[in-house]
Amino acid sequence: MSYLGVGVSPGNVAGAPMKLNDRKVRLTELILRCLVGALALISAILVATDTQVKEVFTIQKKAKYTDMKALVLLVVVNGIAAAYSLVHGVRCVVGMMKGRVLFSKPLAWAIFSGDQAVAYLTVASVGAAAQSAAFAKLGEPELQWMKICTMYGKFCNQVGEGIATALLASIGMVMISCISAFGLFRLYGGNKARQSSLW
C-alpha cells in the first residue's frame, strides 16, 4: 500500500478511469501522432513525386528520388511512420472514448518498443537524406563530385522541402517515444516500495 498516493497512478491499476492529467497526456499523444502521420505522409509524397528532366547535349536525363538510395529510405520510412501513427492514433481515440488508461505491461512494452524503433528509423533516414542532399548541393571537389543542384534546381528544392518536413516528423516521433516511455515506466512506480522492503 502506498501512503499519500505516492507511486500510484491510474496506469498501475488495471482498467482504472482516466484522471485529468491522463486525459491531457493522451490528448497530447493523439495530437502528436496525427501531426507525425500528416508530416510523414507529406514528406513521402513530396520526395516520391519529385522529378525533373534536363537535356544535356541532346540527351534527356530525368532526376527522380530512386536515383539516391537515401531518398528511397526516406520515402519508405516516412510511409511506415505515417501508417504506424495512424494505427496508434486510432488506439488513442478508442482509449479516450472508453475513458480508460493503459492497463497492460506487455502492451505498454510493445508500444514503447514500436515508438522507439520508428523514432530511430525516422531520425536515421533524415540524417542519411540530409547528408546526401548536402553532397548534391555542395558537391565534393576532392572526389570530383559535381554540384547536382546547379543542374536540377527544382528537384533539389522539393527534396529539401521533403527533408525539412521529415525532420519535423522525426522530432514529433521522438516526443511521442518520450510519452510512451513515461506511460510504460509509471506502471512500475507502485512496486518500488514493495521491492525495497523485501531486501
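Quick note: residue numbers are just sequence positions, from 1. Everything quoted here is computed from the prediction, not taken from an experiment.
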| Co-members of the apolar cluster containing Y120 [side chain, <4.5 Å] | none
| How would you list, by chain and number, every residue that makes a side chain to side chain donor-acceptor pair (under 3.5 Å) with K64, sequence neighbours excluded? | none
| said: By the definition side-chain contact (heavy atoms from CB on, under 4.5 Å), identify the one residue from L168, L32, V123, V36 that meets it with M173. | reply: V36
| note | The reported gap from CD1 in I171 to CD1 in I176 (rounded to nearest 0.5 angstrom) is 12.5 Å
| field | Pairing residues for A166 by the side-chain contact (heavy atoms from CB on, under 4.5 Å) criterion, not counting sequence neighbours | value | S43, L74, N78, V126
| query | Given a cutoff of under 4.5 Å between side-chain heavy atoms of I, L, V, M, F, W and Y, with clusters grown through shared members, what are the other residues clustered with V87? | reply | none
| request: Quick one: closest heavy-atom pair of T122 and A81, and the distance? | output: CG2-CB, 3.9 Å
| request: Start with the C-alpha gap between K24 and E29, add the side-chain angles, then the distance that decides, and say whether salt bridge (Lys or Arg N to Asp or Glu O under 4.0 Å) holds. | output: CA-CA 8 Å; K24 288 180 182 178; E29 180 184 1; over 6 Å; no
| query | Any donor-acceptor pair under 3.5 Å linking the side chain of S113 with the backbone of A110? | reply | no
| note | Interatomic distance, CZ@F135 vs CE@M68, rounded to 0.5 Å, equals 9.5 Å
| message | Nearest 0.5 angstrom please: S170 OG to I163 CD1, how far? | response | 11.5 Å
| request: Evaluate the side chain to side chain contact (heavy atoms under 4.5 Å, CB included) criterion for residues T28 and M175: first the C-alpha distance (whole Å), next the side-chain angles of each, then the deciding distance (0.1 Å), finally the verdict. | output: CA-CA 10 Å; T28 302; M175 292 170 67; over 6 Å; no
| message | Looking at A82, is its backbone amide N or carbonyl O close enough to the side chain of S85 to form a donor-acceptor pair, meaning the two atoms are under 3.5 Å apart? | response | no
| field | Gap between atom CG of L30 and atom CZ of R91 - 0.5 Å precision | value | 9.5 Å
| note | To the nearest 0.5 Å, atom CG of L41 lies from atom CG of L46 at 9.5 Å
| query | Which pair of non-hydrogen atoms, one from A70 and one from A128, has the smallest distance, and what is that distance? | reply | CB-O, 3.6 Å
| How close do L71 and V159 get, heavy atom to heavy atom, and via which atoms? | CD2-CG1, 3.7 Å
| remark: Residue pairs passing the ring-ring contact (aromatic ring centres under 6.0 Å, His included) test with at least one member in residues 77-96, sequence neighbours excluded, are Y84-H88
| What is the minimum heavy-atom distance between G89 and R33, and which atoms define it? | N-CD, 3.9 Å
| field | Sub-4.5 Å side-chain heavy-atom contact between Y65 and V47 | value | yes
| request: Run the numbers on D50 and K154 for side chain to side chain contact (heavy atoms under 4.5 Å, CB included), then give the verdict. | output: CA-CA 9 Å; D50 190 15; K154 176 208 162 281; 3.4 Å; yes
| How long is the span from the CD1 atom in I45 to the CD atom in Q158, to the nearest 0.5 Å? | 11.0 Å
| field | Residues forming a side chain to side chain donor-acceptor pair (under 3.5 Å) with S180, sequence neighbours excluded | value | D115
